[in-house]
S.K.: 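I am attaching a structure below and will ask some questions about it afterwards.
Sequence lines set the chain letters: A, B, ... in the order given, protein chains first and strands last, and positions in each chain run from 1.
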2 protein chains.
Amino acid sequence: MKSTATALQIAEDSAETGAQQIRDAIRDAIVERRLSPGTKLSESDVGNLFNVSRTLARAALQALSYEGLVSVEKNRGAFVAYPSPEEARQIFAARRLVEPGILREAAAKITPSQIQHLKQLLLEEGRLMGERGQTARRAEIKASGDFHLTLAGISGNAIMQRFMDELVARSSLVIALYGQSTISSCGHSEHGDIVAAIERNDLDEACRLMLHHIAHIEADLDLREHKSVGLKEAFEL
Amino acid sequence: MKSTATALQIAEDSAETGAQQIRDAIRDAIVERRLSPGTKLSESDVGNLFNVSRTLARAALQALSYEGLVSVEKNRGAFVAYPSPEEARQIFAARRLVEPGILREAAAKITPSQIQHLKQLLLEEGRLMGERGQTARRAEIKASGDFHLTLAGISGNAIMQRFMDELVARSSLVIALYGQSTISSCGHSEHGDIVAAIERNDLDEACRLMLHHIAHIEADLDLREHKSVGLKEAFEL
DNA sequence: TTCGGCTAAATTGTATACGATATTCTGCAC
DNA sequence: GTGCAGAATATCGTATACAATTTAGCCGAA
């Protein structure tokens, strides 16, 4: 037995296996849209890129497929996920379903310092919206998602937090594919409104705003079948 | 390009890689409680058991760890998950959070034949409750979960369905660990009540019953810290 | 006897190797 | 020039091999 083992071993030794790092790196690249949907992720290429063997590359890609960020096709390889309009609808349906509940749990437990932290995020988000350049845009995308993720974190439910991780990441893919307005994270002010509602303990209003916010994002999508895949397919029907 | 590729490729070629089969087999064993929480799952042993190499065994165990059914500890190996009381609470909190929403979506889309299918499940469940023996008990456990899973399937949201898969499977682990009453799936009649409420289109009542049902399962748990781990740890504090 | 460290066995982490499947290219017939 | 058959290439699926870490057993000293 480990001599240092106490009753509550919270996070134990992190840093896990090297595959985790590769997974995180690729995930970041996908979420920040440096990798476009449909991009092929060959095991050899990934391995070479990170200077590891195909074994680790494969493990990382498998992990990402469990999160729905890459789709692996048997004997064909892994690709950055290309969510169908139907998948996109389901992702947002799931968010509408769970986010109000998460919000309620979070609001019930939130501490003043956590509210401060949320406001800090909002400030950062606003700052990024003003800046120019690719890197700022990428940071903005991530910050926009971080708001929802932080809320999930405050709720204290690790399972819901993991689920939200997945939903937010996949949402980023959907927006990259079907988003219309150039402004990626349209509803920055909406985040602020939600925090304000939480702060004055108006939960019903906060939930209403959250649903409105999600609907707002979804309204910016053009979910008609196959944006530009057709030509031939258009005549096959 | 695949000549047979149509606009909507629903399930594509299944049967995937062999690791999937092993994963499913082990998952079934865990959910049906043939494998107890904490049991060590060595890669070699798993590989030998299924007559495959460690590579596939490892892949299967990794997959199961993403579902929260096994926990892999670095350089130490994989074990059937041993959810802490806190984790157990979070699992059921998550179910309380999502199941009413799933129920509402399912009820909105349900067809008469699907209602019939649900009733069929209930009948089967009832039949198993009457029988004796280990195998019947295991089938009963699975049937109890299948009710919730079928509901998620009817909702038509694949993402929520996968999430419920995970939650139900982990619930089985929690009940195995902390359940008190010998009757595993206590609330069989509650399932019937829910279906009845759906049938007469009383959604509010159906949700109420669902929440009651989940609370009922949770009430049967003894979630005090560390049932029988202590002796030494008890004195270290 | 008990505690400590040391060695040996077992197990995991990672890389490489080989066979199977899919994709691409070439060449020939029409 | 077009279309199809077959080989060559690339990529994935799985097994095996080796290195690193942990676990256990053992022996000696206090």
S.K.: Rounded to the nearest Å, what distance is computed from the CD atom of residue A/Glu43 to the P atom of nucleotide D/dC12?
M.R.: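 These atoms are roughly 5 Å apart.
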S.K.: Return the orientation label for the B/His191 and B/Phe147 ring planes: parallel under 30°, perpendicular over 60°, tilted otherwise.
M.R.: parallel
S.K.: Sequence neighbours left out, what passes salt bridge (Lys or Arg N to Asp or Glu O under 4.0 Å) with B/Arg162? Give chain and number order.
M.R.: A/Glu166
S.K.: Given B/Glu218, which of B/Arg96, B/His213, B/Arg89 fulfils the side-chain hydrogen bond (donor to acceptor under 3.5 Å, both in side chains) condition?
M.R.: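 Of B/Arg96, B/His213, B/Arg89, side-chain hydrogen bond (donor to acceptor under 3.5 Å, both in side chains) with B/Glu218 is met by B/Arg96 alone.
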S.K.: Please identify each residue that fulfils side-chain contact (heavy atoms from CB on, under 4.5 Å) with B/Glu99, with sequence neighbours left out.
M.R.: B/Arg95, B/His148, B/Met164, B/Met210, B/Ile214
S.K.: How long is the line joining CZ of B/Phe79 and P of D/dT23, in whole Å?
M.R.: 8 Å
S.K.: Can any side-chain N or O of B/Asn157 pair as donor or acceptor with the backbone N or O of A/Gln90 at less than 3.5 Å?
M.R.: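 Yes; judged by distance alone, with no hydrogens or angles, the pair exists.
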S.K.: Taking the side chain as C-beta and beyond, is there a heavy-atom pair between B/Asp146 and B/Glu125 under 4.5 Å?
M.R.: no
S.K.: Any residue in residues 60-71 of chain B with a heavy atom nearer than 4.0 angstrom to DNA chain C? Just list them by number, or reply none.
M.R.: none
S.K.: Tell me: CZ of B/Arg76 to C1' of D/dA24, nearest whole Å?
M.R.: 13 Å
S.K.: Side-chain contact, heavy-atom cut-off 4.5 Å: B/Ile22 with B/Leu49?
M.R.: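 No, their side chains stay 4.5 Å or more apart.
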S.K.: Any chance the side chains of B/Gln116 and B/Gln120 put a donor and an acceptor closer than 3.5 Å?
M.R.: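 Checked: B/Gln116/B/Gln120 side chains show no N/O donor-acceptor pair below 3.5 Å.
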S.K.: Enumerate the residues from residues 34-42 of chain B whose closest heavy atom to DNA chain C is under 4.0 Å, giving them by residue number; use none for an empty result.
M.R.: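 DNA chain C contact set from residues 34-42 of chain B: B/Lys40, B/Ser42.
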S.K.: Quick check: on DNA chain C, is the nucleotide nearest A/Asn75 upstream (toward 5') of the one nearest B/Asp45, or the reverse? Name the residue that is more 5'.
M.R.: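 Nearest-nucleotide comparison on DNA chain C picks B/Asp45.
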S.K.: Quick one, which residues of residues 52-59 of chain B touch DNA chain D with a heavy atom under 4.0 Å?
M.R.: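 Residues of residues 52-59 of chain B that come under 4.0 Å of DNA chain D are, in numerical order, B/Val52, B/Ser53, B/Arg54, B/Thr55, B/Leu56.
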S.K.: Do A/Ile175 and A/Ile141 touch side chain to side chain, with heavy atoms closer than 4.5 Å?
M.R.: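 The answer is no; the side chains never approach within 4.5 Å.
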S.K.: Checking side chain to side chain contact (heavy atoms under 4.5 Å, CB included) against B/Val80, which of B/Leu64, B/Leu69, B/Leu35 comes through?
M.R.: B/Leu35
S.K.: For the helix from C/dT1-D/dA30 to C/dC30-D/dG1, what angle lies between the axis at the first five pairs and the axis at the last five pairs, to 10 degrees?
M.R.: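 One end axis against the other gives 0°.
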S.K.: Please give, in whole Å, the distance from D/dC12 C1' to A/Glu73 CD?
M.R.: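 Rounding to the nearest Å, CD of A/Glu73 and C1' of D/dC12 are 12 Å apart.
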S.K.: Apply salt bridge (charged side-chain N to carboxylate O under 4.0 Å, His left out) to the pair A/Lys40 and A/Asp45, showing each step before the final yes or no.
M.R.: CA-CA 10 Å; A/Lys40 166 134 202 190; A/Asp45 290 352; over 6 Å; no
S.K.: Could you walk me through whether B/Phe50 and B/Leu56 satisfy the side chain to side chain contact (heavy atoms under 4.5 Å, CB included) test, starting with their C-alpha distance in whole Å, then the side-chain angles of each, then the deciding distance to 0.1 Å, before giving a yes or no?
M.R.: CA-CA 10 Å; B/Phe50 291 94; B/Leu56 290 191; over 6 Å; no
S.K.: Just checking, is any N or O donor in the side chain of A/Arg138 or A/Gln134 under 3.5 Å from an acceptor N or O on the other one?
M.R.: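 Checked: A/Arg138/A/Gln134 side chains pair up, N/O donor to acceptor below 3.5 Å.
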